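The structure under discussion appears below in the form of structure tokens.
All chains are named by letter (A, B, ...) in the order of the sequence lines, taking the proteins before the strands, and each is independently numbered beginning at 1. Model, not experiment: these values are computed from the prediction.
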Amino acid sequence: MAYRNTKPSLTDRERSGCVFIQQNFATLNEYFEVNHNPINLQPPGHKFLEFYPIADPATAADQLELYGRTGVYGALNTIELCMRRPSNGDINEFTSSQTGDEGWYQLPSGILIKWKWNEPIAAASSGIQTFTWNNAANFPAFSAIYQVFVWASPDAAATDPNVQLYEYDETVTQVQWTGWNRDTPGVVGPAIVTNAYKVNIIAIGKGPGV
Amino acid sequence: MPFDNTVPAANIGLNQTIVPMQENFDAIQTAFDINHGSLTDIQGNAGKHTKVSFLEKAVNFIPLFGSYTLFGRKINLGGTDTLELIEIFRHNAQNIATSLTKAKFDANFGWTYLDSGFLVMVWGDFAINLVDQAQTITLNQVIGTDLPPIDNVIYAHAQLRSKTISTDPVDAVIYPRNYFIDPITNLIKIQITVRKRSAYNSSITASTLPLRGNYLLICNTSGGL
């Protein structure tokens with residue numbers, strides 16, 4: 001039923017004008033019922049579904065925008081919920097994630113959490129180790145890194161990794177730590193670990209905001 | 001043309017009120033078409049959102065009983081006053097007001113609301129000046145000002161970091177022992193014990209202090225925004 005915002009007009013006869021008025025009310029009623037309780041039900045107009053259009057919105061200084069888009073990072077190419085901050089600011093895609101031993105999750109705030117479980121670490125005479133985050137297309141990059149937590153776990157061949165890790169430095173792409181063998185009585189000072197082990201890492205930073 | 005909800009008036013013939021009625025229909029279309037598929041859309045998109053905008057509100061909405069409400073409001077927490085999504089939901093007959101999107105983006109002391117609405121994650125680093133004894137790390141961050149309003153700490157993790165990568169082994173182990181909000185100062189405290197790995201072999205001396213550590217906390221909030 002067509003809505004006519006030019007009706008009724010002065011040239012309409014009273015009865016024909018009534019037809020247009022009734023048609024406009026009927027169209028308004030249909031419109032109201034899109035995702036809302038009908039006008040004649042309680043509570044009238046109450047929203048029961050929110051539809052997030054696929055969009056690429058601009059935002060003013062006093063405005064936030066929620067919308068859907070095909071996930072930029074999600075492996076399943078699904079539609080994800082996004083929020084754009086004011087003044088065409090950062091876009092937080094906050095319903096996508098990556099599961100697995102190396103995974104990530106971005107919070108609605110824009111904080112990005114990444115983890116790596118059971119990363120094999122080969123022996124290194126220096127004790128210094130570096131882990132580089134996966135930079136595949138379905139792994140969002142940190143735009144800033146805040147805190148990283150690193151600890152050792154036994155590898156498949158050793159039930160006791162005999163190693164204590166001390167995270168040293170972090171960048172948006174990698175984590176560095178030093179590994180030291182646990183103390184051996186009678187040996188002066190800590191010994192640099194040279195055996196293989198596995199490492200677990202969890203990192204907190206800022207997401208890419210795009 | 002402004003909407004006039006007094007037309008058509010009683011006892012006035014329809015032909016005498018045609019113009020204001022047409023103007024009302026025009027005003028309705030103008031208003032409804034904002035951020036929605038147009039009333040005149042014949043492709044089936046009439047009434048569907050084309051945008052879902054949250055304009056800044058000065059105060060909280062009081063939500064309809066039993067409903068979940070989302071709106072935009074500025075929050076001044078953690079040193080920045082930013083427009084954020086506020087969520088108000090009903091829990092145990094109480095309206096819980098937290099933020100879906102607010103965070104403090106900082107390495108030394110940062111936090112974020114988690115999207116459950118009840119949790120805040122906090123992280124940061126600290127210096128350790130003592131070893132081989134129990135000690136308390138105090139987060140000098142005011143709850144409700146530097147941090148969201150939180151009720152208690154429900155999980156804490158802390159670990160030692162290396163000061164330099166190759167020449168300064170930490171040679172110590174940290175044991176997180178307890179965590180709480182000091183009822184007098186209203187500051188978060190993390191109790192830890194730091195041990196030299198060996199009392200007689202340790203390379204820790206006064207010159208190697210303070211040691212570096214970092215922490216991760218999960219806190220509980222019952223709203224309060």
Side-chain angles (χ1 to χ4, degrees), chain A residues 2-10 12 14 17-18 21 24 27-28 30-32 34-35 43 46 50-53 55 57 62-67 83 86 92 107-111 126 128 144-147 149 151 164 166-169 176-178 180 182-183 185 187-190 204 206, chain B residues 13-15 18-19 21-22 25-26 28-30 32 39-40 42 46-56 64 67 72 82-85 99-103 105-107 110 112-115 121 123-125 157 159-162 164-166 169-171 173 197-198 201-203 214 216:
Chain A
Y3 185 86
R4 300 188 184 191
N5 67 339
T6 57
K7 293 292 184 180
S9 64
L10 288 170
D12 290 333
E14 193 161 294
C18 282
I21 292 168
N24 274 359
T27 305
L28 284 171
E30 285 179 18
Y31 186 103
F32 272 130
V34 175
N35 302 342
H46 190 51
E50 186 62 86
F51 171 82
Y52 294 98
D62 62 347
Q63 187 180 25
L64 296 165
E65 196 82 40
L66 276 181
Y67 65 100
M83 185 194 77
N92 299 339
L107 298 167
S109 63
I111 292 294
S126 67
I128 300 168
I145 184 75
Y146 298 145
Q147 290 293 339
F149 301 88
W151 62 101
Q164 181 77 33
Y166 299 97
E167 191 264 334
Y168 162 68
D169 195 19
Q176 285 187 294
W177 66 91
T178 52
W180 302 96
R182 294 200 314 274
D183 189 50
V187 177
V188 177
I204 302 166
K206 186 175 187 296
Chain B
L14 198 56
N15 58 355
I18 279 178
V19 170
M21 281 180 35
Q22 180 272 321
F25 281 125
D26 190 42
I28 288 170
Q29 179 174 331
T30 300
F32 279 16
L39 267 170
T40 58
I42 57 173
K48 291 182 180 175
H49 270 129
T50 55
K51 296 174 69 176
V52 181
S53 299
F54 296 86
L55 291 175
E56 181 182 338
L64 197 66
S67 68
T82 51
L83 181 59
E84 305 290 344
L85 281 180
S99 174
L100 189 63
T101 54
K102 181 70 173 177
F105 298 96
D106 193 273
T112 181
Y113 277 99
L114 301 180
D115 36 339
M121 186 171 76
W123 60 84
D125 50 31
H157 175 74
Q159 69 177 36
L160 287 173
R161 307 181 70 204
S162 177
T164 60
I165 196 158
S166 58
V170 177
D171 203 16
V173 179
R197 287 192 295 143
S198 166
N201 285 340
S202 175
S203 62
N214 58 356
L216 177 66

Which atoms of [X] are under 4.5 Å from chain A, going by heavy atoms: the side chain, the backbone, both sets, or neither?
X         : result
Gln159(B) : side chain
Asp125(B) : both
Lys51(B)  : both
Thr50(B)  : backbone

Locate the shortest heavy-atom distance separating Pro8(A) from Met21(B); write the atom from each residue and the value. CG-CE, 4.1 Å

On the 0 to 90° scale, with breaks at 30° and 60°, tag the Tyr146(A)-Phe105(B) ring pair as parallel, tilted or perpendicular. tilted

How about Tyr113(B) and Leu107(A): do any of their side-chain heavy atoms sit closer than 4.5 Å? no

Run Thr112(B) and Ile204(A) through side chain to side chain contact (heavy atoms under 4.5 Å, CB included) and show every step you take. CA-CA 10 Å; Thr112(B) 181; Ile204(A) 302 166; over 6 Å; no

CA sep, side-chain torsions, deciding dist, call: Leu66(A), Leu85(B), side chain to side chain contact (heavy atoms under 4.5 Å, CB included): CA-CA 10 Å; Leu66(A) 276 181; Leu85(B) 281 180; 4.2 Å; yes

Find the one option among Asn35(A), Asp62(A), Leu28(A) whose heavy-atom pairs under 4.5 Å with chain B are most numerous. Asp62(A)

Any donor and acceptor pair, going by atom type alone, linking the side chain of Gln63(A) with main-chain N or O of Phe54(B) inside 3.5 Å? no

Which is it for Phe51(A) and Val52(B) under the side chain to side chain contact (heavy atoms under 4.5 Å, CB included) test, yes or no, and what are the steps along the way? CA-CA 8 Å; Phe51(A) 171 82; Val52(B) 181; over 6 Å; no

Most chain A-contacting option - heavy-atom pairs closer than 4.5 Å, from His157(B), Glu56(B), Gln22(B), Lys48(B): Gln22(B)

